[in-house]
Structures are given as structure tokens and as C-alpha cells.
Amino acid sequence: MQGILYEEPSVWQFLFITVIMGGWTAWRTGKSVAEGWQPYRTLVIYTLLLGVAIRFIHHALFHGTMLTPQYYLVDTAVLLLFATLGYRYYRTRQMTNNYYWLYEKVSPFSWKSK
């Protein structure tokens, strides 16, 4: 997978920077967008910017390439996954807590009408 999904010599660098640090930041971004009642497209824009920041961390700490479309897309896809999960989790909580007479929780990431 080295060279396809990540450019670092060790998968641990990719997991630490992109998945742990970036994933946590993306989750919190999804939470923030959901709690602000902003649309999903706002989350996508924020995640695209977060992808640039994660690429910069790879570049600054591990001398990775900054402007490689392949690795930017991989990092951003991972971040978008975490951001979407955070967004759906907190939007589900909002809908079922604020409109408890209309909706009930089906899973941590979805709701349905009562």
C-alpha cells in the first residue's frame, strides 16, 4: 500500500497523522457544522481545507510532498469519512433531542419519523 495510499516509509506515520490526528479534527469539524445547523456542503468545503492542512503536516514533519493530488485525495477521502460520521452522529442527536415528538433514533447515525 506504500506508494498508493501513503508516501511515508512507515504506515504508522500515515495512521498517526491522517487517521488519528486528522480523523479527530474532521470528527470535531462535523460536530461543529452539525451543531451550527449548517448544510452538508459546508462540511465538504471545510474538509477540503482540512486536507490541505494535513498535507502540510505530512510535508513539515516527514518531508512528504505538499502538492501531490493522489495523496491529497486519499487524505481528504479519509477525513471526509470521519467528518461525515461526526456530522451524522451529532445531527441525529439534534433531531431526536430537539424534535423528540417527531423523530426517534434508529442508529447512532440516523433517525426516522415516529
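The figures here come from the full heavy-atom set of this structure, side chains too, leaving out hydrogens, waters and symmetry mates. Positions are given from 1 along the sequence.
Cluster note: Val106 groups with no other residue, as no ILVMFWY side-chain heavy atom lies under 4.5 Å from it.
The neighbour count for Trp12 CH2, taken as heavy atoms of other residues, nucleotides or ligands under 6.0 Å away, does not exceed 12.
Applying the ring-ring contact (aromatic ring centres under 6.0 Å, His included) criterion to Phe16, with sequence neighbours excluded, gives no partner residue. Tyr72 pairs by the ring-ring contact (aromatic ring centres under 6.0 Å, His included) definition with nothing, not counting sequence neighbours. Annotation: side chain to side chain donor-acceptor pair (under 3.5 Å) contacts of Gln94 (sequence neighbours excluded): Arg91. Under the side chain to side chain donor-acceptor pair (under 3.5 Å) criterion, Ser107 pairs with Ser110, sequence neighbours left out. Under the ring-ring contact (aromatic ring centres under 6.0 Å, His included) criterion, Trp101 pairs with Tyr99, not counting sequence neighbours. In this view, Lys105 satisfies the salt bridge (charged side-chain N to carboxylate O under 4.0 Å, His left out) rule with no residue, not counting sequence neighbours. The side chain to side chain donor-acceptor pair (under 3.5 Å) check on Thr65 picks up Glu7, Thr68, with sequence neighbours excluded.
To the nearest 0.5 Å, atoms CD1 (Ile17) and CD1 (Ile57) are separated by 6.0 Å. Taking CG from Leu43 and CZ from Arg88, the interatomic distance works out to 11.5 Å, rounded to the nearest 0.5 Å. Atom CZ of Phe82 sits about 9.0 Å away from atom CH2 of Trp27, to the nearest 0.5 Å. Between atom CG of residue Leu85 and atom CG of residue Leu80 there is a gap of 9.5 Å, rounded to the nearest 0.5 Å. Annotation: the span from Thr29 atom OG1 to Ile45 atom CD1 amounts to 13.0 Å, rounded to 0.5 Å. For the atom pair CG (Leu49) and CD1 (Ile54), the distance works out to 12.0 Å, reported to the nearest 0.5 Å.
Within the structure, no pair that satisfies the salt bridge (Lys or Arg N to Asp or Glu O under 4.0 Å) test touches residues 16-26, not counting sequence neighbours. Among residue pairs with one or both ends in residues 29-39, those qualifying as salt bridge (Lys or Arg N to Asp or Glu O under 4.0 Å) are Lys31-Glu35; sequence neighbours excluded. Among pairs with a residue in residues 40-62, those fulfilling ring-ring contact (aromatic ring centres under 6.0 Å, His included) read Tyr40-Tyr87, at least two apart in sequence or across chains. Listed by first and then second residue, the salt bridge (Lys or Arg N to Asp or Glu O under 4.0 Å) pairs involving residues 41-50 amount to none (not counting sequence neighbours).
Side-chain contact between Lys112 and Tyr103 is absent, with no heavy atoms from C-beta onward closer than 4.5 Å. Taking 4.5 Å as the limit, some side-chain heavy atom of Val74 sits within range of a side-chain heavy atom of Phe14.
Distance alone, capped at 3.5 Å, places no donor-acceptor pair between the Thr42 side chain and the Gln38 backbone. Between the side chain of Thr96 and the backbone N or O of Thr92 there is at least one donor-acceptor pair closer than 3.5 Å.
Using a 4.5 Å cut-off between side-chain heavy atoms of Ile, Leu, Val, Met, Phe, Trp and Tyr, with links allowed through other members, Val44 and Val52 fall into the same hydrophobic cluster. Under a hydrophobic-cluster definition in which Ile, Leu, Val, Met, Phe, Trp and Tyr are linked whenever side-chain heavy atoms come within less than 4.5 Å, directly or via other members, Leu79 and Leu67 are assigned to different clusters. With hydrophobic clusters built from ILVMFWY side chains whose heavy atoms lie under 4.5 angstrom apart, Tyr89 does not share a cluster with Met95. If you chain together hydrophobic residues whose side chains sit under 4.5 Å apart, Phe109 and Tyr90 fall into the same group. One hydrophobic cluster holds both Met21 and Leu61 under the rule that ILVMFWY side chains link at heavy-atom gaps under 4.5 Å.
Nearest heavy atom pair, residue Thr25 against residue Leu50, reads CG2-CD1, 3.7 Å.
In summary, of the residues considered (Thr18, Asp75, Thr76), a side chain to side chain donor-acceptor pair (under 3.5 Å) with Arg55 occurs for Asp75 alone.
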